[in-house]
**Q** 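Once you've had a glance at the structure underneath, I'll fire off some questions.
All values reported here derive from a predicted model rather than from experimental measurement. Just so we're on the same page: letters track the sequence lines, and every chain starts at 1.
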2 protein chains.
Amino acid sequence: MPTTDQLYSISEVAAQTGLTAHTLRYYERAGLMLEPVDRASSSHRRYSARDVGWIQFLTKLRSTSLPIARIRDYAELARQGDGTSADRLELLQRHRIAVAAQLEDIQASLAAIDYKISIYSERISPA
Amino acid sequence: MPTTDQLYSISEVAAQTGLTAHTLRYYERAGLMLEPVDRASSSHRRYSARDVGWIQFLTKLRSTSLPIARIRDYAELARQGDGTSADRLELLQRHRIAVAAQLEDIQASLAAIDYKISIYSERISPA
DNA sequence: CTAGAACTTTGAGTGCGCTCCAGGTCAAAC
DNA sequence: GTTTGACCTGGAGCGCACTCAAAGTTCTAG
């Protein structure tokens with residue numbers, strides 16, 4: 001008994017995810033969806049709450065620079081069923097490590113930028 | 001009296017910065033250098049310590065996703081002299097804010113990824 | 001003196017992630 | 001019944017940041 005069986009149009013999903021309808025279609029073509037998106041009234045997409053949840057998660061993978069090809073790998077594993085959980089976990093764990101490194105790198109760069117800003121600030125309006 | 005007046009070849013600078021020689025030439029063509037790079041023995045580039053320092057800083061700008069066009073803007077201002085300090089400061093401050101937002105976004109995504117990892121971990125080897 | 005490595009230039013090519021276009025379908029509103 | 005607007009498809013196009021190719025020059029080692 002699913003809690004929500006509401007279906008959403010592509011523009012609704014775009015609004016919910018911050019993606020464009022173009023991008024949603026592109027992701028689908030790129031093989032990123034876990035299962036085929038439902039269609040209604042001959043051809044219009046109808047996204048389930050599950051679909052939307054997955055899209056929201058995959059945008060988090062994207063925003064941490066996981067390439068689309070890797071997300072496709074993940075989706076393919078998921079489509080193959082429960083037997084691939086360990087592989088999916090490993091993929092996520094690998095990515096986790098990369099993201100942590102990414103964060104440190106950005107933080108270090110931010111520190112350098114802040115330092116430069118402090119120098120400019122002093123030069124412009126010395127204490 | 002400069003502390004260091006040593007000069008570096010392009011491959012030395014590549015080694016020091018983690019960029020390739022290709023990329024160093026590309027950056028120069030793109031107008032990112034603060035001043036023309038010295039040349040030695042008819043045509044080979046000779047980078048000063050100042051040049052290297054700037055390249056190191058600009059890679060920090062790049063690693064925080066500041067587009068090359070914006071770095072060129074910054075370099076152009078710098079080439080115009082001291083009168084542009086305030087503009088350069090503003091550019092850096094604007095970027096600083098973007099980087100902070102970027103960091104928060106990545107951290108939020110990382111939290112979501114960690115959550116997913118925790119779910120997989122439990123499923124695979126329940127406590 | 002010569003071989004090979006390192007460098008030079010201009011301009012083309014690549015990979016990624018969208019982004020858009022053209023031409024068509026469909027459903028609801030008037 | 002036609003107009004409007006959201007949606008569909010396949011494929012082309014774009015912007016960014018490199019990355020490389022080709023052909024030539026110069027430095028370094030033996």
Side-chain angles (χ1 to χ4, degrees), chain A residues 6-33 36-48 51-52 55-75 95 98 102 105-106 109, chain B residues 6-33 36-48 51-52 55-75 95 98 102 105-106 109:
Chain A
Q6 206 192 325
L7 297 175
Y8 304 93
S9 72
I10 195 165
S11 61
E12 284 167 339
V13 176
Q16 282 178 65
T17 60
L19 302 173
T20 66
H22 284 310
T23 301
L24 287 168
R25 292 191 202 100
Y26 165 68
Y27 282 177
E28 188 178 329
R29 265 197 289 180
L32 304 195
M33 296 307 289
V37 176
D38 262 27
R39 299 304 180 113
S41 61
S42 62
S43 86
H44 287 200
R45 286 171 181 81
R46 291 291 173 254
Y47 292 86
S48 71
D51 291 332
V52 176
I55 292 164
Q56 268 153 358
F57 182 65
L58 88 76
T59 62
K60 306 233 186 263
L61 297 177
R62 283 296 303 127
S63 74
T64 49
S65 301
L66 191 66
I68 278 169
R70 310 300 327 277
I71 300 178
R72 177 170 45 233
D73 293 344
Y74 182 95
H95 183 51
Q102 197 188 136
D105 194 55
I106 293 173
S109 296
Chain B
Q6 206 192 325
L7 297 175
Y8 304 94
S9 71
I10 195 166
S11 61
E12 283 167 340
V13 176
Q16 281 178 66
T17 60
L19 302 173
T20 67
H22 283 311
T23 302
L24 287 168
R25 292 190 201 99
Y26 165 68
Y27 281 176
E28 188 178 330
R29 265 197 290 181
L32 304 195
M33 296 307 289
V37 176
D38 262 27
R39 299 302 180 113
S41 59
S42 62
S43 86
H44 288 199
R45 286 171 180 81
R46 290 292 172 252
Y47 293 86
S48 70
D51 292 332
V52 176
I55 292 164
Q56 268 153 357
F57 183 64
L58 87 77
T59 62
K60 307 232 186 263
L61 297 177
R62 284 296 303 126
S63 75
T64 49
S65 302
L66 191 67
I68 277 169
R70 313 296 333 272
I71 300 178
R72 177 170 46 234
D73 294 344
Y74 181 95
H95 183 51
Q102 196 189 135
D105 193 55
I106 293 173
S109 295

**Q** Can you tell me the distance, in whole Å, between the NE2 atom of A:His22 and the C1' atom of D:dT9?
**A**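 Atom-to-atom, A:His22 to D:dT9, this comes out as 13 Å.
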**Q** Rounding to an integer number of Å, can you tell me how far B:Tyr26 OH sits from D:dA21 C1'?
**A**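 Result: 18 Å.
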**Q** For residues B:Gln56 and B:Thr59, report the shortest heavy-atom separation together with the two atoms involved.
**A**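 B:Gln56 and B:Thr59 have their closest heavy atoms at O-OG1, 2.7 Å.
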**Q** Can you list everything that forms a side-chain contact (heavy atoms from CB on, under 4.5 Å) with A:Ser9? Sequence neighbours excluded, please.
**A**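 Scan of A:Ser9 (side-chain contact (heavy atoms from CB on, under 4.5 Å), adjacent residues dropped) gives A:Ser11, A:Glu12, A:Arg46.
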**Q** Output all residues satisfying side-chain contact (heavy atoms from CB on, under 4.5 Å) with A:Ser43, sequence neighbours left out; order by chain, then residue number.
**A**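 side-chain contact (heavy atoms from CB on, under 4.5 Å) list for A:Ser43, sorted by chain: empty.
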**Q** Suppose we screen for ring-ring contact (aromatic ring centres under 6.0 Å, His included). Which residues come up paired with B:Tyr74, at least two apart in sequence or across chains?
**A**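 Expected list: B:Trp54.
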**Q** Taking five pairs at each end, how big is the angle between the two axes of the helix from C:dC1-D:dG30 to C:dC30-D:dG1, to 10°?
**A**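 The value is 0°.
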**Q** Output all residues satisfying side-chain hydrogen bond (donor to acceptor under 3.5 Å, both in side chains) with B:Thr20, sequence neighbours left out; order by chain, then residue number.
**A**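 Partners of B:Thr20 by the side-chain hydrogen bond (donor to acceptor under 3.5 Å, both in side chains) criterion, ordered by chain and then number, come out as B:Thr23.
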**Q** Hey, could you give me the CD1/OH distance between B:Ile68 and B:Tyr27, rounded to the nearest 0.5 Å?
**A**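 Result: 5.0 Å between the selected atoms.
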**Q** Does B:Asp73 have any salt bridge (Lys or Arg N to Asp or Glu O under 4.0 Å) partners at least two apart in sequence or in another chain, and if so, which?
**A**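 With neighbours one apart ignored, the set is B:Arg70.
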**Q** Distance alone, cut at 3.5 Å: any donor-acceptor contact between the side chains of B:Ser109 and A:Ser63?
**A**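 Yes.
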**Q** Look at the side chain of B:Asp105 and the backbone N and O of B:Gln102, then say whether any donor-acceptor pair between them is shorter than 3.5 Å.
**A**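 Not a single qualifying donor-acceptor pair exists.
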**Q** Excluding sequence neighbours, so at least two apart, what forms salt bridge (Lys or Arg N to Asp or Glu O under 4.0 Å) with A:Arg45?
**A**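 Scan of A:Arg45 (salt bridge (Lys or Arg N to Asp or Glu O under 4.0 Å), adjacent residues dropped) gives A:Glu28.
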**Q** Would you give the length of the straight line joining atom CE of A:Met33 to atom CG of A:Asp51, rounded to the nearest 0.5 angstrom?
**A**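 Output value for this atom pair is 4.5 Å.
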**Q** What residues from residues 64-75 of chain B pass a heavy-atom cutoff of under 4.0 Å to DNA chain D?
**A**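 By residue number: B:Pro67, B:Ile68.
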**Q** If the condition is side-chain contact (heavy atoms from CB on, under 4.5 Å), which residues does B:Ala14 pass it with, not counting sequence neighbours?
**A**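 If we apply the side-chain contact (heavy atoms from CB on, under 4.5 Å) test to B:Ala14, skipping adjacent residues, the hits are B:Leu24.
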**Q** Are any of B:Tyr27's side-chain N or O atoms less than 4.0 Å away from OP1 or OP2 of D:dC18?
**A**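 For D:dC18, OP1/OP2 do have a side-chain N/O of B:Tyr27 under 4.0 Å.
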**Q** Quick one: how far along DNA chain C does chain A reach, first to last nucleotide 5' to 3', anything under 4.0 Å to a heavy atom?
**A**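 Listed 5' to 3', the contact boundaries are C:dG17 to C:dC26.
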**Q** List in chain and number order the residues that pass salt bridge (Lys or Arg N to Asp or Glu O under 4.0 Å) with A:Arg72, two or more places apart in sequence or in another chain; answer none if no residue qualifies.
**A**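 If we apply the salt bridge (Lys or Arg N to Asp or Glu O under 4.0 Å) test to A:Arg72, skipping adjacent residues, there are no hits.
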**Q** So which protein nitrogen or oxygen atoms get under 3.5 Å of nucleotides 2-8 of chain D's nitrogens or oxygens?
**A**
from, atom 1, to, atom 2, distance (Å)
D:dC7, OP1, A:Ser9, OG, 3.3
D:dC7, OP1, A:Ser11, OG, 2.8
D:dC7, OP2, A:Ser11, OG, 3.4
D:dC8, OP1, A:Arg45, N, 2.7
D:dC8, OP1, A:Arg45, NH1, 2.9
D:dC8, OP2, A:Arg25, NE, 3.0
D:dC8, OP2, A:Arg25, NH2, 3.2
D:dC8, OP2, A:Arg45, NH1, 3.2
D:dC8, O5', A:Arg45, NH1, 3.4
D:dC8, O3', A:Arg39, NH1, 3.4

